[in-house]
*Asks:* 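Sending over a structure as structure tokens; questions will come in a sec.
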Protein chains: 2
Amino acid sequence: MPDRKLYELHASICQSLSHPKRLEVIDRLRAGAMSVTDLADSLEISQPNLSQHLTLMRQKGIVTTHREGLNIYYRLANPKIVKACDLMREVLLEHLEASAALARG
Amino acid sequence: MPDRKLYELHASICQSLSHPKRLEVIDRLRAGAMSVTDLADSLEISQPNLSQHLTLMRQKGIVTTHREGLNIYYRLANPKIVKACDLMREVLLEHLEASAALARG
DNA sequence: TTATAATATGCGCGAATTCTAACATTAGAA
DNA sequence: TTCTAATGTTAGAATTCGCGCATATTATAA
């Protein structure tokens, strides 16, 4: 696979994490699988909108699903996703702290 | 700071990594600082376009700059950025491998 | 079969992203 | 000061994204 294609795929992974509600989905799924309805209640967004986000995340390999009767449960596809998110959160907090320190003089 | 704002900032960090050329910038800067011209040559994109990407990355705290005469050198602001990128790359590769295994039956 | 709950999909529009091309700025040299 | 190299900025067009809304699908129950 050419590097160019890999960078594009890599970017599309990051893209699937670059929405507040999708990051919140990841946080909710840290503890384990959840149904769409429970996620929609927890995130306070409409079911169709959540479904759109989940479809995207499934296509990118961020989450996987399994059905139990009427419910479909989503879980994180790879524990490294949580680690990556945590690292980016740390980068954010350290940047905020550095900016605040600068502002304080 | 409210959670909602933190998720938005977190998403904007991810957003700044969700472009093939910006990911390539990060790879180029792993070894240390580089000037804009050298980066533009290495990435094969126009200097103004690269400058736009770099401006975005600087605003999000991904890179920092220092000037030496005519040149401005960019470096990674935080080593955790590389770690996060590496993890996401691993998630990608593992997803690709799993998909390929599925296709093989 | 009909009804209902859970989830997914298609469409249209406004907003955001990305690129190109022209122009502006900055710093050093002549 | 004038010139030039390095970098940054702006405007506009094309593309993509995100959401609301209506509708479709899927599985179970009656």
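Just so it is clear: chains get the letters A, B, ... in the order the sequence lines come, proteins before strands, and each one is counted from 1.
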*Asks:* Quick one: list whatever passes salt bridge (Lys or Arg N to Asp or Glu O under 4.0 Å) with A:Glu68, sequence neighbours left out.
*Replies:* none

*Asks:* How does each nucleotide of nucleotides 17-30 of chain C score, in 5' to 3' order, for protein heavy atoms under 4.0 Å: base (B), sugar-phosphate only (S), or none (-)?
*Replies:* SSBB-B----BS--

*Asks:* Excluding sequence neighbours, so at least two apart, what forms side-chain hydrogen bond (donor to acceptor under 3.5 Å, both in side chains) with B:Glu97?
*Replies:* B:Arg104

*Asks:* Could you tell me which residues satisfy side-chain contact (heavy atoms from CB on, under 4.5 Å) with A:His19, sequence neighbours excluded, listed by chain and number?
*Replies:* A:Lys21, A:Arg22, A:His53

*Asks:* Under the side-chain hydrogen bond (donor to acceptor under 3.5 Å, both in side chains) test, which residues partner B:Glu24, sequence neighbours left out?
*Replies:* B:Arg28

*Asks:* Using a heavy-atom distance cut-off of less than 4.0 Å, which residues of residues 34-41 of chain A contact DNA chain C?
*Replies:* A:Ser35, A:Val36, A:Thr37

*Asks:* Within the structure shown, what part of the strands sits under 4.0 Å from A:Tyr73 by heavy-atom distance: base, sugar-phosphate, or nothing?
*Replies:* nothing

*Asks:* Can you tell me which residue pairs pass the ring pair (Phe, Tyr, Trp, His ring centres under 6.0 Å) test with a partner in residues 56-78 of chain A, sequence neighbours excluded?
*Replies:* A:His66-A:Tyr73

*Asks:* Using a 4.0 Å cut-off to any heavy atom of chain B, which nucleotides of DNA chain D are the first and last in contact, reading 5' to 3'?
*Replies:* D:dA5 to D:dA11

*Asks:* Is A:Leu29 close to A:Arg75 at the side-chain level, that is, under 4.5 Å between some pair of heavy atoms?
*Replies:* no

*Asks:* Which residues pass the side-chain contact (heavy atoms from CB on, under 4.5 Å) test with A:Leu70, sequence neighbours left out?
*Replies:* none

*Asks:* List the residues meeting salt bridge (Lys or Arg N to Asp or Glu O under 4.0 Å) with B:Glu8, not counting sequence neighbours, and say none if there are none.
*Replies:* B:Arg4, B:Lys5

*Asks:* Just jot down the ring-ring contact (aromatic ring centres under 6.0 Å, His included) partners of B:Tyr7, sequence neighbours excluded, or say none.
*Replies:* none

*Asks:* Taking salt bridge (Lys or Arg N to Asp or Glu O under 4.0 Å) as the test, write out the residues that go with A:Asp27, two or more places apart.
*Replies:* A:Arg30

